[in-house]
*Asks:* 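This is the structure, below, for whatever I ask next.
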Amino acid sequence: MSITVLALASYFKGNRFLERLKAEGCTVYLLTVESALKEPWARHACDEVFAVGNFHDRRALINAVAYLNRARKIDRIVALDDFDVEVGAHLREHFRMTDTGHGESVARFFRDKLAMRTKAREIGVRIPDFCPIFNHGDVRAFLARVPGPWLIKPRSEASAAGIRKLKTADEVWKRIDELGDDQSFCLIEQMVPGDLFHVDSLCADGRVVFAEVNAYWRPLLDVYQGGGVYATRTVPRERPEVDELKRANAQVLEGFGLGWGASHTEFMKAHADGQYYFIETSARVGGANTAEMVEHATGVNLWSEWAKLETCRGTQSYVVPPLMQRFGGVVISLARQEWPDTSGFTDPEIVYRMTTKNHIGFVVSADTPQRVEELLTQYMDRITRDFHAVLPASDKVSI
């Protein structure tokens, strides 16, 4: 079925999504922001490309889409970035297109960390103890009941941006006072030290049809706030935690109502009790070259298959491509050099090199997880010695 898709992207990403839509015979419109308009978008896959000043002014955005809609029949609105999920839902609500994607209430389960936690608790998913920062009496009771340390998290930031680790009740109240009128846009939860995993998935007709389990080298909060090199890799598929994490992931995505699309979901395996705790989920492809890692480990490109899912939405015709049984890994760091020279990295397992200003990064793929571990260990040491740079943690995601 040929459909017309309006793709929303406030950050540069998703070219494979656009290209697959065009290959499937779709009419493709890209709506981005002026600051990203000069990025190397796959314009050959777009019938038209438009830009607005920003996605924050909802009324102006509605007006822009309404103007486009006068001469262009739009069948789908798809948000490609985490920050655009609620924007896309808002547009679907306004144009009464919630039968083709999430409305605002469901979108919050994939964007708002408080909505995620209340929904997870409702459907019986294990989560760290938490409390919204609405009523100070409730917060005092939480601090008395739940031992520290605690994390105060923005409800709608991405990754570890804006999270504060606090060890005493006085630190908590100082941070709450600093937040002022932004208090209700945050929550507090018990910190659960452990090993952080991510499950990258595709859903069709309400069911998870593909899921790949990966493990971060270090929890993102440690990397984001303490500095260091980011790395993640495929978890060997015969390990028992893979099946357990796939079950927990399906419980989340099917319980939250993802329906059709891609997701990146995180779980912490606690050091204290060995249990898996749901941390957060999303309705988009994971960042930091996750898609490239998964593709070279499994043969499945999450962006491309997400586009195919949009063309299959409402049918039962989607079939997952044949799977490879390889292993992948990613290593990324800020770099001291504006354009790092990576010519000294010559291993044939390198399948992707990052080309972003002041960054260095690679995706590797191998037949064994041991080789991936070996390469990531070597590269992290070399990058730390020769390239790594550290910037103070920001309350906002910068890339």
*Asks:* Give the other cluster members for Val319, using side-chain heavy-atom distances under 4.5 Å between Ile, Leu, Val, Met, Phe, Trp and Tyr residues; answer none if it is isolated.
*Replies:* none
*Asks:* Starting from Phe55, walk the hydrophobic network (Ile, Leu, Val, Met, Phe, Trp, Tyr; side-chain heavy atoms closer than 4.5 Å) and list everyone else you reach, by chain and number.
*Replies:*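 Once heavy-atom contacts under 4.5 Å are chained together, Phe55 belongs with Leu6, Leu8, Tyr29, Leu31, Val33, Phe50, Val52, Leu61, Ile62, Val65, Leu68, Ile74, Ile77, Val87, Leu91, Phe95, Met97.
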*Asks:* Among residues at least two apart in sequence or on other chains, which ones pass ring pair (Phe, Tyr, Trp, His ring centres under 6.0 Å) with Trp260?
*Replies:*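 Applying ring pair (Phe, Tyr, Trp, His ring centres under 6.0 Å) to Trp260 gives none.
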*Asks:* Keeping to residues at least two apart or across chains, list the salt bridge (charged side-chain N to carboxylate O under 4.0 Å, His left out) pairs with something in residues 5-14.
*Replies:*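 Checked against salt bridge (charged side-chain N to carboxylate O under 4.0 Å, His left out) - neighbours excluded - the pairs reaching residues 5-14 are Lys13-Asp81.
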*Asks:* So Phe12 and Trp41, would you call those rings parallel, tilted or perpendicular, with 30° and 60° as cut-offs?
*Replies:*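 Plane angle over 60°, so perpendicular.
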*Asks:* Rounded to the nearest 0.5 Å, what separates atom NE2 in His359 from atom CZ in Phe387?
*Replies:*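 Separation between the atoms: 14.5 Å.
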*Asks:* Please give me the minimum heavy-atom distance between Cys26 and Thr311, naming the atom from each residue.
*Replies:*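 Taking Cys26 first and Thr311 second, the nearest heavy atoms are SG-CG2, 3.6 Å.
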*Asks:* Can you tell me how far apart CH2 (Trp150) and CG (Leu166) are? Round to the nearest 0.5 Å.
*Replies:* 8.5 Å
*Asks:* Heavy-atom distance under 4.5 Å between the side chains of Arg20 and Trp303, does that happen here?
*Replies:* no
*Asks:* Using only heavy-atom distances, determine whether the side chains of Ser282 and Asp82 contain a donor-acceptor pair under 3.5 Å.
*Replies:* no
*Asks:* Could you list the residues that satisfy ring pair (Phe, Tyr, Trp, His ring centres under 6.0 Å) with Trp217, not counting sequence neighbours?
*Replies:* none
*Asks:* Do Lys174 and Glu171 sit within salt-bridge range, that is, some charged N less than 4.0 Å from a carboxylate O?
*Replies:*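 Not counted as a salt bridge, because no side-chain N and carboxylate O are separated by less than 4.0 Å.
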*Asks:* Looking at Glu305 and Lys308, does any basic side-chain N land under 4.0 Å from a carboxylate oxygen?
*Replies:* no
*Asks:* With sequence neighbours excluded, what pairs up with Glu93 under the side-chain hydrogen bond (donor to acceptor under 3.5 Å, both in side chains) test?
*Replies:* Arg96
*Asks:* Whether Glu48 and Arg72 form a salt bridge (side-chain N of Lys/Arg under 4.0 Å from carboxylate O of Asp/Glu) is what I want to check.
*Replies:*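 Glu48 and Arg72: salt-bridged.
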*Asks:* What residues, two or more places apart in sequence or in another chain, satisfy side-chain hydrogen bond (donor to acceptor under 3.5 Å, both in side chains) together with Gln337?
*Replies:* none
*Asks:* Sequence neighbours excluded, which residues qualify as ring pair (Phe, Tyr, Trp, His ring centres under 6.0 Å) partners of Phe345?
*Replies:* Phe362, Tyr379
*Asks:* Count the heavy atoms of every other residue, nucleotide or ligand shown that sit under 6.0 Å from CZ of Arg336, and state whether that count exceeds 12.
*Replies:* yes
*Asks:* Does the pair Arg126/Asp273 count as a salt bridge with the N-to-O cut at 4.0 Å?
*Replies:* no
*Asks:* Looking at Arg326, His296, Glu295, which hits side-chain hydrogen bond (donor to acceptor under 3.5 Å, both in side chains) with Ser365?
*Replies:* Arg326
*Asks:* Using a strict 4.0 Å threshold on nitrogen-to-oxygen distance, state whether Glu178 and Arg175 make a salt bridge.
*Replies:* yes
*Asks:* Linking I/L/V/M/F/W/Y whenever their side-chain heavy atoms sit closer than 4.5 Å, directly or via other members, would Val363 and Ile332 fall into one cluster?
*Replies:* yes
*Asks:* Between Asp75 and Thr100, is there a side-chain heavy-atom distance shorter than 4.5 Å?
*Replies:*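 When only atoms from C-beta onward are counted, Asp75 and Thr100 do not touch, as no gap falls below 4.5 Å.
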*Asks:* Under a 3.5 Å threshold, yes or no: a donor from one side chain and an acceptor from the other, between Thr232 and His198?
*Replies:*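 Side chains of Thr232 and His198: pair found under 3.5 Å.
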*Asks:* Is the shortest side-chain heavy-atom distance between Asp347 and Val364 below 4.5 Å?
*Replies:* no
*Asks:* Report the residues that fulfil side-chain hydrogen bond (donor to acceptor under 3.5 Å, both in side chains) with Glu104, sequence neighbours left out, ordered by chain and then residue number.
*Replies:* His90
*Asks:* On a heavy-atom basis, which atom in Met191 and which in Leu151 lie closest, and how many Å separate them?
*Replies:*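 So the two residues come closest at CB-CG, 3.9 Å.
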*Asks:* Compile the donor-acceptor pairs under 3.5 Å between side chains in residues 133-144 and protein atoms, sequence neighbours left out, one pair per line.
*Replies:*
unit_1, atom_1, unit_2, atom_2, d
Asn135, OD1, Gly137, N, 2.9
Asn135, OD1, Asp138, N, 2.9
His136, NE2, Gln183, OE1, 2.9

*Asks:* If you group Ile, Leu, Val, Met, Phe, Trp and Tyr by side-chain heavy-atom gaps below 4.5 Å, do Ile279 and Met116 land in one group?
*Replies:* no
*Asks:* Heavy atoms, side chains only, cut-off 4.5 Å: are His44 and Glu19 in contact?
*Replies:*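 Answer yes - side chains close enough.
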*Asks:* Under 3.5 Å, is there a donor on one side chain and an acceptor on the other for Ser343 and Asp341?
*Replies:*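 Looking only at side-chain atoms, Asp341 and Ser343 do form a donor-acceptor pair, the distance falling under 3.5 Å.
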*Asks:* Are any non-hydrogen side-chain atoms of Val351 and Glu292 less than 4.5 angstrom apart?
*Replies:* no
*Asks:* Is a donor on one side and an acceptor on the other found under 3.5 Å between the side chain of Arg155 and the backbone of Cys186?
*Replies:* no
*Asks:* Applying a strict under-4.5 Å side-chain criterion to I, L, V, M, F, W and Y, I'd like to know whether Met293 and Ile350 cluster together.
*Replies:*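 Not linked; separate clusters.
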*Asks:* So, for Phe83 and Ser10, which heavy atoms are closest and what is the spacing to 0.1 Å?
*Replies:* CB-OG, 4.4 Å
*Asks:* Test of understanding: with side-chain hydrogen bond (donor to acceptor under 3.5 Å, both in side chains), list the residues that count as partners of Gln251, not counting sequence neighbours.
*Replies:*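 Per chain and number, Gln251 pairs via side-chain hydrogen bond (donor to acceptor under 3.5 Å, both in side chains) with no residue.
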*Asks:* Can you confirm whether the side chains of Glu241 and Tyr276 place a donor and an acceptor under 3.5 Å from each other?
*Replies:*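 Glu241 vs Tyr276: no donor-acceptor pair found between side chains.
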*Asks:* Evaluate side chain to side chain contact (heavy atoms under 4.5 Å, CB included) for Leu18 paired with Val5, printing each intermediate quantity in order.
*Replies:* CA-CA 9 Å; Leu18 303 174; Val5 179; over 6 Å; no
*Asks:* Decide, yes or no, whether a salt bridge links Arg313 with Glu310 under the criterion of side-chain N to carboxylate O below 4.0 Å.
*Replies:* yes
*Asks:* Between Tyr216 and Glu266, is a side chain to side chain contact (heavy atoms under 4.5 Å, CB included) present by the stated rule, with each step listed?
*Replies:* CA-CA 10 Å; Tyr216 293 109; Glu266 297 180 352; 2.8 Å; yes
*Asks:* I'd like to know whether His264 forms a side chain to side chain contact (heavy atoms under 4.5 Å, CB included) with Glu280, so could you lay out the CA-CA distance, the side-chain angles of the two residues, the decisive distance to 0.1 Å, and finally the verdict.
*Replies:* CA-CA 9 Å; His264 174 86; Glu280 65 180 67; over 6 Å; no
*Asks:* Which of these passes side-chain hydrogen bond (donor to acceptor under 3.5 Å, both in side chains) with Asp200: Asn214, Thr290, Thr298?
*Replies:*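 Only one of Asn214, Thr290, Thr298 forms a side-chain hydrogen bond (donor to acceptor under 3.5 Å, both in side chains) with Asp200, namely Asn214.
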*Asks:* Report the distance from atom CD of Gln370 to atom CZ of Phe327, rounding to the nearest 0.5 Å.
*Replies:*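 Interatomic distance, Gln370 CD to Phe327 CZ, rounded to 0.5 Å: 8.0 Å.
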*Asks:* Taking it one step at a time, do Asp205 and Tyr318 satisfy side chain to side chain contact (heavy atoms under 4.5 Å, CB included)?
*Replies:* CA-CA 9 Å; Asp205 198 25; Tyr318 178 77; over 6 Å; no
*Asks:* Pick one: which of Gln190, Arg117, Arg145 meets side-chain hydrogen bond (donor to acceptor under 3.5 Å, both in side chains) with Asp129?
*Replies:* Arg145
*Asks:* To the nearest 0.5 Å, how far apart are CZ in Phe185 and CG in Leu179?
*Replies:* 11.0 Å
*Asks:* What are the two closest non-hydrogen atoms of Thr234 and Ala297, and how far apart are they?
*Replies:*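 So the two residues come closest at OG1-CB, 3.8 Å.
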*Asks:* Hey, are the side chains of Val252 and Phe267 touching, using non-hydrogen atoms and a 4.5 Å cut-off?
*Replies:* yes
*Asks:* Might you point out which heavy atoms bring Val208 and Ser201 nearest each other, and give the distance in Å?
*Replies:* CG1-CB, 4.4 Å
*Asks:* Please tell me if the side chains of Leu253 and Phe110 come closer than 4.5 Å, counting only heavy atoms from C-beta onward.
*Replies:*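 Yes, close enough: below the 4.5 Å cut-off.
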*Asks:* Identify, with sequence neighbours excluded, every residue that meets side chain to side chain contact (heavy atoms under 4.5 Å, CB included) alongside Leu323.
*Replies:*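 Result, side chain to side chain contact (heavy atoms under 4.5 Å, CB included) vs Leu323: Phe210, Val300, Val320, Gln325.
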